[in-house]
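Presented below is the structure to which this report refers.
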Amino acid sequence: MIENLSSPLVSPAGARVRPVQDAFHGDLLEVSMGPHHPSTHGVFRMMVTLDGEAIVRLKPVFGYLHRNHEKLGENTTYLGSMPYTDRLDYLNSMTNNWAYALAVEKLIGQPVPERAEYVRVILAELTRLQNHTCLAGFLMQDCGCSGTPLMYAFRERERILDLFESLSGSRMMCNYQRFGGCRVDPGPEWLDAVRGLVEGYGAFLDEYEALLTGNEIVMARTQGVGRLKPDLAVSAGITGPMLRAAGVPYDIRKVDGYGIYPRFSFRVPLGDHGDTYDRYMIRVLEARESISILRQALKDIPAGPIIDPKSRLRGLRPKAGEAYGRIEGPKGEIGFYLISDGGPNPHRYRVRAPSFVNLTLLEDLCLGHTVADAVVILGSIDIVLGEVDR
Amino acid sequence: MTAEAIELDSWLERLPLTLRDLLAGPIPGPWRWIVQDVIAIAVVLAVFPLLFAFLTLAERKVLGRIQNRPGPNRVGWGGILQPFADGIKMLTKEDIVPRAADPVLHFLAPVALVSFSLLSLAVIPYGRHLVPLDLDAGILYFFAASASSELAVFMAGWAGRNKYSLLAAMRALAQLISYELPLLLSLVPVVMLAGTLSPSGIVAAQAGWSAGFLPHWNILTPWGLAGFAIFMVAALAEANRSPFDLPEAESELIAGHLTEYSGFKYALFFMAEYFAMCALSGMAVTLFLGGWQAPVAILQFVPSYGWFAIKLLSLLLGFIWIRATLPRLRIDQLMRLAWKFLLPLALINLVTASFWHLSAGWGAAAQPLRWGLGLALVAVPFVVIGRRLSTGLGPRTYRYAAP
Amino acid sequence: MLGTGILKGLAVTAKNLAGSFHDPGRFVTTQYPEQRSVLPENYRNFPFLVAEDDKDPMGTLRCVACQICEKECPPQCIYIEKSRDKKPDAAGKMQLYPAVFDIDISVCMSCQICVEVCPFDAIKMDQEFEIATDNRFRPLLRDREQLARSNRYFQQVHPTEAAEVDARLAAARRAAEEKAAAKAPPPARQEVQTKPATERPDPPAGGIKTEA
């Protein structure tokens, strides 16, 4: 490597020598991961620029699942948009429905009876349980476990989906919340089935943690990977478990106190490092808190109407105005912003999707890590492409 | 073979020899050895691919059962014909050779890989009379053959004429070479104490029972336990099995060295991986688990190849169990484990084994001390180096927000 | 100590391996199609039209072609054409009926809003899901004849809901008959039209009603 360059390094023989590092420094390698890829959680593409093993640039490309959700909302009645909200974050349809119903109820000033509020809380916490369980399974799949944590997670998730099916008729596309309450009254048998599930869920989480949490390889793969600083998280608008894993105590259930959440006592777990392991553990701890909320709600649920008797199904024409309804969904803050002009369809219908906002930090989290880590970091952000692309 | 040994043999034990002599009987004297060797080769070539076939099925079914599901159960009674269905599928797939690839190397790589893995199966003593090739330096031959198969991995990456598959092949090769060292160092104590490089000799050195029920297997000593653990971890890495299966992880690599292959050549790569797994498990049984010896004296009525099969299948089941449970290690973590953890432990194991050998003459009263020192020499470095290796990692406690 | 986490994990998988042989909670596969899962009563797939009498489905459809479901359907998969004449319904009142009632089930998203808004309990959700075809055009467009099922079928698949609907309709019919009978002798009084149930039907009580 003796070349006539203006390099400050000079060999003893007097000739100019290029440092070995420079000699091997080749071009940057640009790789496109996806959209057909086993680990990208849907049709998602990452244009990754690598210098050797380390990522120097990462450009997320999405929009492959764009389905015109917001424009469709402008051409559909308020009731008609409810089934479409199921399909936004298709794993958590009950919480999507609730956020939308909350926005419309704010717009028209619709009260909600007690029993409906309790049922909404029960369903939202069940949704949170199945989402966090599902995420732990997918994260471990990305780390390379050949399916075992995923299968255990789905085994339990199936039980929750069976509950949703027996209540609303469909496992994932529930279309269950209405403006002023819920569509169907769950009878005592359904509530007993939920009690049975809740009692057994703690044992399942214990077994799941025994498999994963103390596992040295899991810790080696996830600790220190993808650290998120709290101020970056707040300035980027991150919400949900990702924010709380970075150490910021912001949970909309506590901040807004929507519905009847102020009646339940539950804790908000916080992480200190903001890395992938913290994001995984915060979700497991939140699942345990959800079990505690479910127990309280199941104990206190009153009898009564399931929907406000004065609510109307058809012909809803809210007065001109706007409303923003948001809830703490399992992935973060899911919010619906509606502008009404007095007609049967909204004038503007906007969805604030948590996965979309959380994804904006993907590059910052992945810089300096390897491709294997990028896959794990993406898994820990917990995205669903239905929300990201709408 | 001594007369006493022949007396101990039951007819079941001698059955394979009887069959072989039946087939080779008609051949005239000077040529009989050729026929006997051809029969031995044929048996190995028949048994191990069948074992591979049913091992893939067993893996899928055991993995399924661990994951609360049945595994393949549609083809044949309970899925038993699934490997043959997979074989037919592999054979009927189009064999794509990239235009830029070097056709000779592209063809030779899987062939070389399988051949070297098969070669290494020749020296393992499968039973009292069942060693295809009884070499005095059998251990040397075995590891020479299995190390040669690493060349085929590099051939596969080189043949693609593709920068990315070459890089991936180099990464796979780095993993294989790094784990050769702990693999070989963990068996040096065995050779030292047995005094021979011959696998049959090593098995014979583990013969006998204390008080009729405690076998003299190497694993039942402190250095043997550590050596066995190191050998099995290194064998997992040599066979590219989880948690060291990064070369095969499609979700993390840009282009592995296997992506250029389709159809039967792809199947040959996996066949070679399973042969390596079987060969290394067979060698582990020979070195540490007493080979074809029975665990207690009264169970000797089960023929020796039966015991070998039982031990081999348990080790293979252990491989599958580990695959079902553990996630994958990243390449730098993999390398660190080999060089900074397994290698020092294997070297310290040599010291432990030497101590054990030199204290063989201690009386019965000193046995607890011998065992205590031996276990301490194994456990203390493990804990210390383990702690050094996992600095910065560990379980965490979490706080909750103020209400 | 290094390795305890891995050993705990191995214990969990071993427990599941052993448990899969004797514990149904650890072997959760339903071997379809030899075994079928029991569907809950509320399970919904695609809609069907309710006919009172299974011997004359087209003549006894409850649907009066009011087109409310067509307007409310979010993906607009229903197409209705009213008839030109009127036929007596189950209560004897002269009603229009649908000459054409098409649902494109490749568009339908099974949201069941059509069922909720129907004032006449004429359209309900079916439970059949083994309906795959190999042509995605004509076989996935269901017309009136293919959509009509009898009320007896409705009672089989949704017993609780059907019982509630039948009771309500029978009560409405009785009330209408009593009103008509009370007004029959004096002809001078203005005939009060019997009104079909126009308010939104009460949602049926949910709960798990798994069939044996």
Side-chain angles (χ1 to χ4, degrees), chain A residues 26 29 31 33 37-40 48 50 53 140-152 154-155 211-224 244-245 247-251 254 265-273 277-278 281-282 285 289 370-376, chain B residues 59-60 62-71 163-164 167-168 171 233 236 241-255 320-337 341 386-387 389-403:
Chain A
L29 172 64
V31 173
M33 289 181 65
H37 201 274
S39 318
T40 51
V48 175
L50 298 172
E53 286 269 359
M140 290 305 135
Q141 180 76 5
D142 289 337
C143 280
C145 288
S146 50
T148 311
L150 188 64
M151 289 291 135
Y152 294 165
F154 269 69
R155 186 190 72 204
L211 178 63
L212 294 175
T213 302
N215 192 323
E216 286 80 3
I217 302 180
V218 169
M219 290 199 286
R221 283 302 295 271
T222 56
Q223 287 183 351
R244 293 192 280 279
V248 179
Y250 189 79
D251 184 330
K254 296 277 195 194
S265 73
F266 61 98
R267 300 176 297 179
V268 174
L270 293 177
D272 289 316
H273 302 257
Y277 188 77
D278 270 355
M281 277 306 297
I282 290 297
L285 292 171
E289 293 301 318
T370 62
V371 169
D373 291 332
V375 167
V376 169
Chain B
E59 167 147 25
R60 289 172 71 175
V62 170
L63 217 58
R65 285 267 161 183
I66 288 178
Q67 296 169 2
N68 309 136
R69 56 185 177 87
K163 180 162 59 168
Y164 317 133
L167 284 175
R171 201 198 319 229
V233 173
L236 274 175
R241 291 283 296 185
S242 207
F244 304 105
D245 58 350
L246 195 64
E248 298 164 1
E250 73 282 314
S251 66
E252 294 173 16
L253 287 186
I254 302 136
I320 298 173
W321 189 14
I322 290 178
R323 178 186 173 187
T325 314
L326 298 178
R328 205 173 283 141
L329 279 175
R330 226 168 45 212
I331 188 75
D332 57 313
Q333 294 165 343
L334 223 151
M335 299 300 231
R336 202 177 309 137
L337 188 74
F341 185 70
R387 214 165 274 176
L389 201 71
S390 47
T391 46
L393 304 175
R396 297 176 178 168
T397 48
Y398 289 87
R399 59 190 170 94
Y400 293 90

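Letters go in sequence order (proteins before strands), and every chain restarts at 1.
- What you find for B:T325 and A:N215 is that their closest heavy atoms are O-ND2, 4.4 Å.
- The minimum heavy-atom distance between A:S146 and B:R323, with the atom names listed, is OG-O, 3.2 Å.
- Here A:V268 is the residue among A:V268, A:V48, A:V218, A:D251 with the most heavy-atom pairs under 4.5 Å with chain B.
- With a threshold of 4.5 angstrom between heavy atoms, A:T148 approaches chain B through its backbone and through its side chain.
- Residue contact with chain B, scored on non-hydrogen atoms closer than 4.5 Å, involves the backbone and the side chain of A:D278 alike.
- The shortest heavy-atom contact between A:Y152 and B:Q67 is CE2-CA, 4.2 Å.
- Residue B:P243 touches chain A through its side chain alone, counting heavy-atom pairs closer than 4.5 Å.
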#### Entry: side chain to side chain contact (heavy atoms under 4.5 Å, CB included) evaluation trace for A:M281 with B:R396
CA-CA 9 Å; A:M281 277 306 297; B:R396 297 176 178 168; over 6 Å; no
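- A distance of 8.5 Å separates CG of B:L337 from CD1 of A:I217, quoted to the nearest 0.5 Å.
- For the residue pair B:R330 and A:R221, the shortest heavy atom distance occurs at N-CD, 4.0 Å.
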### Message
What verdict does the side chain to side chain contact (heavy atoms under 4.5 Å, CB included) test give for B:L393 and A:Q223, after you've listed the backbone C-alpha separation in whole Å, the side-chain angles of each residue and the deciding distance to 0.1 Å?
### Response
CA-CA 7 Å; B:L393 304 175; A:Q223 287 183 351; 3.4 Å; yes
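- Top candidate by heavy-atom pairs under 4.5 Å with chain B, chosen from A:T222, A:L150, A:L285, is A:L285.
- Proximity to chain B (any heavy atom under 4.5 Å) is shown, for A:L270, by both the backbone and the side chain.
- A:T370 touches chain B through its side chain: at least one heavy atom from C-beta onward sits under 4.5 Å away, while N, CA, C and O do not.
- In plain terms, the two heavy atoms of A:C143 and B:P327 that are nearest each other are O-CB, 3.8 Å.
- For B:R399, the CZ atom sits in a packed shell: over 12 heavy atoms of surrounding residues, nucleotides or ligands are nearer than 6.0 Å.
- Residue A:R244 holds its CZ atom at 12.5 Å from OH of B:Y400, rounded to the nearest 0.5 Å.
- With a 4.5 Å cut-off on non-hydrogen atoms, A:F154 does not touch chain B at all.
- At a 4.5 Å heavy-atom cutoff, A:L212 makes no contact with chain B through either its backbone or its side chain.
- Looking only at heavy-atom pairs under 4.5 Å with chain B, the residue among A:A220, A:A374, A:G247, A:G214 that has the most is A:A220.
- Heavy-atom distances place both the backbone and the side chain of A:R267 under 4.5 Å from chain B.
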